[in-house]
Amino acid sequence: MLAARGLRRLAAAICLARRSSSAVAALPAAGAARFHDYDAAVTECIERRALRVGRPVHARMVAAGYRPALYLATRLVIMYARCGALGDARNVLDGMPKRNVVSWTAMISGYSQNERPAEALELFITMLRAGSALLDMYAKSENVQEARRVFDMLPARDVVSYTAIISGYTHLGLDEEALGLFRQLYNEGMQMQCNQVTFTTLLNALSGLASLDYGKQVHGLILRKELPFFMALQNSLIDMYSKCGKLLYSRRVFDNMPERSVVSWNAILMGYGRHGLAREVAQLFRSMPEEVNPDSVTLLAVLSGYSHGGLVDEGLDMFDLIVKEQSTLLNIEHYGCVIDLLGRSGRLQKALNLIQKMPFEPTRAIWGSLLGACRVHVNIPVGELVARKLLDIEPENAGNYVILSNIYAAAGMWKDVFRVRKLMLKNTVIKEPGRSWMILDKVIHTFHSSERFHPRKEDINAKIKEIYIDIKAAGFIPDLSCVLHDVDDEQKERMLLGHSEKLAITFGLMSTPSGLPIQVMKNLRICVDCHNFAKVVSKVYGREISLRDRNRFHLITEGACTCGDYW
DNA sequence: CTAGGGTTAG
């Protein structure tokens, strides 16, 4: 079945490549053509993403001495940007005698779409500077919030440039700022111009925030507008609800769609996988209709769904089948997923073999997951080999040293523990700080690890001490191996209590009526100690705790988690 | 006059 689908895809691709280039062919061989001829030729290159045709078209314009004005030059920027030739796009933009919001937007989104958010932001700030000399003082700061203030004051703003910049913020992970920009757009009376694309972009920011309240509100807005069916919007709704913990809402949106693309299927499969529901992932995947071709994301969704749900053998069988029938769809992510699966089920040597024979360079993430598996299964030889690779690639990451020293500690090799700890102190730098947040009455409350500046710091500290006494009485044992620093045990216990997700859960306990569920989001993966903490808290205080980390959901009730302690 | 913003995964 998979093979047949692959053939059909190939046939479609060949068809596309053979399509004749009529507008380009219609250009005169030498001398200047007219505006409309160039426009048609460039448009065709944009639609076909055909750089090999687009470049000669541009070259002919130059050779003929034709100087494209604002509109056509902008189309050239788009053509190059869509083809990924960002340097050429930028050259055209820089060479334009006049630019406007459209030409800037084209280039900014070019960077954004080619995964260069830093350049996108840099150019955005440049645009603001060019936009108004008066506002230059604000724009000089490379600070996003300042940039946003300037954007708010810019004279030439419309719903499209708003959407572009909201999308830019979301790509940078600045979802709160993105939401703020949408509010501005609304307050400026542009709500009537909001269309499917605007809402699609906005929903992405809400997915990042995991803000169910806002998500539902925006969904309501969309329904009231009675917009025509728009695939990307529905797909974003599926994704938003699943990332906000409401898988059944995702499913309802999915079931009600008049048609579904492969992205819709991917979004719902990812949703079930994220919630650890591997059986449902398998069932859905089997029910995919013939005419929807699974792509590499589909296969990744299924593999990672199996992996998250602990369906080890099914995952391995699936991978074998893909290797046999659809190996062209495989990328490094798929291998990473399967290596993780092998590692976690204790097949460390097999995992290592796969790394050695896969057609990709192993990434730090792959080595990292294998090192974690070596800790769980206490495997010294593989652990040392993997650690050597990893310390070579990223000597600054403290986590790797900690895991290696944990492996030695588990095997009672204390001299090696000490050696690794010393090495760590010498080489490491601060990692990405942990951050958790929760939303209460539409207010986003953010907590950082070992929070020092939170306005309710004192209350939270007092409450967490109280909780600690209660849960220790109920059998909670702190897992000191989660601490990245070489300090004494008492200090380790204090540091563990400072983890941002514990602060957020504590804040949730003290600010919501008893018995109500608590939902917390985290930017990194949750640590074992915090997972235990949440489990015991759920039992002692009779609360359902939903914890969304970077990868997945943990729904914790009565002292047990839907992940089955496997994540 | 025309154009620019959008969906899953990483």
Side-chain angles (χ1 to χ4, degrees), chain A residues 35-36 38-40 42-43 46 68-79 81-82 89 93 96 99-110 112-113 115 120 124 127 156-171 173 178 181-182 185 190 193-205 207 227 229-240 242-243 250 253-254 257 260-274 292 294-305 329-337 363 365-366 550-551:
Chain A
F35 166 84
H36 288 293
Y38 286 132
D39 187 25
V42 173
T43 300
I46 291 172
L70 184 62
Y71 165 79
L72 204 47
T74 304
R75 295 292 283 163
L76 282 173
V77 172
I78 296 161
M79 186 273 290
R82 290 264 171 93
L93 182 80
M96 285 166 69
R99 287 168 283 264
N100 64 7
V101 185
V102 178
S103 31
W104 289 109
T105 310
M107 190 67 228
I108 291 171
S109 52
S112 183
Q113 281 156 10
E115 288 163 46
F124 173 56
M127 172 183 87
R157 282 192 312 257
D158 60 15
V159 78
V160 176
S161 52
Y162 255 119
T163 309
I165 202 64
I166 289 174
S167 157
Y169 275 101
T170 314
H171 277 289
L181 273 166
F182 178 77
L185 178 158
M190 280 192 240
Q193 296 158 55
C194 284
N195 58 20
Q196 295 97 319
V197 182
T198 324
F199 289 119
T200 305
T201 309
L202 175 64
L203 283 171
N204 278 331
S207 303
L227 300 165
F229 175 76
F230 193 69
M231 185 67 80
L233 177 61
Q234 299 298 314
N235 294 342
S236 283
L237 277 171
I238 295 173
D239 189 53
M240 183 275 291
S242 107
K243 284 182 178 161
S250 294
V253 172
F254 180 83
M257 284 169 76
R260 303 172 191 95
S261 69
V262 69
V263 177
S264 326
W265 284 93
N266 295 347
I268 194 80
L269 287 168
M270 283 285 174
Y272 278 99
R274 192 175 285 126
V292 181
D295 63 6
S296 65
V297 180
T298 318
L299 302 181
L300 186 64
V302 175
L303 284 175
S304 83
L329 289 181
L330 285 176
N331 61 39
I332 184 90
E333 303 296 332
H334 301 89
Y335 281 92
C337 195
T363 60
I366 288 179
R550 171 171 282 193
N551 289 336

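These numbers come from a predicted model, not from an experiment. The chains referred to below are lettered A, B, ... by the order of the sequence lines, with proteins before strands, and numbering in each begins at 1.
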Classify the nucleic acid contact of A/Phe254 as base, sugar-phosphate or nothing, counting any heavy atom under 4.0 Å across all strands shown. nothing

Kindly write out the residues that satisfy side-chain hydrogen bond (donor to acceptor under 3.5 Å, both in side chains) with A/Ser103, not counting sequence neighbours, or none if the list is empty. A/Asn100

Listed by chain and number, what are the side-chain hydrogen bond (donor to acceptor under 3.5 Å, both in side chains) partners of A/Asn235, not counting sequence neighbours? A/Ser264

How would you label the contact of A/Asn195 with the nucleic acid (heavy atoms, under 4.0 Å): base, sugar-phosphate, or nothing? base

B/dG5 OP1/OP2 closer than 4.0 Å to side-chain N/O of A/Ser109: yes

Does anything in residues 267-274 of chain A reach DNA chain B, meaning a heavy atom under 4.0 Å, and if so which residues? A/Met270, A/Arg274

What residues, two or more places apart in sequence or in another chain, satisfy ring pair (Phe, Tyr, Trp, His ring centres under 6.0 Å) together with A/Phe199? none

With A/Ser207, which residues qualify under side-chain hydrogen bond (donor to acceptor under 3.5 Å, both in side chains), at least two apart? none

At less than 3.5 Å, do the side-chain atoms of A/Thr198 and the base atoms of B/dG5 form a donor-acceptor pair? yes

Just to be sure I understand the rule, does A/Thr74 reach a base, reach only the sugar-phosphate, or reach nothing, if contact means heavy atoms closer than 4.0 Å? base

Which is true for A/Thr163 with a 4.0 Å heavy-atom rule: it touches a base, it touches only sugar-phosphate, or it touches nothing? base

Would you mind classifying the nucleic acid contact of A/Ser261 as base, sugar-phosphate or nothing, using non-hydrogen atoms under 4.0 angstrom? nothing

Once you apply a heavy-atom cut-off of 4.0 Å, does A/Ile78 come out as touching a base, just sugar-phosphate, or nothing? sugar-phosphate

Output yes when at least one side-chain N/O atom of A/Gln113 is less than 4.0 Å from OP1 or OP2 of B/dG5, else no. yes

Could I get the full list of side-chain hydrogen bond (donor to acceptor under 3.5 Å, both in side chains) partners for A/Thr198, not counting sequence neighbours? A/Asn195

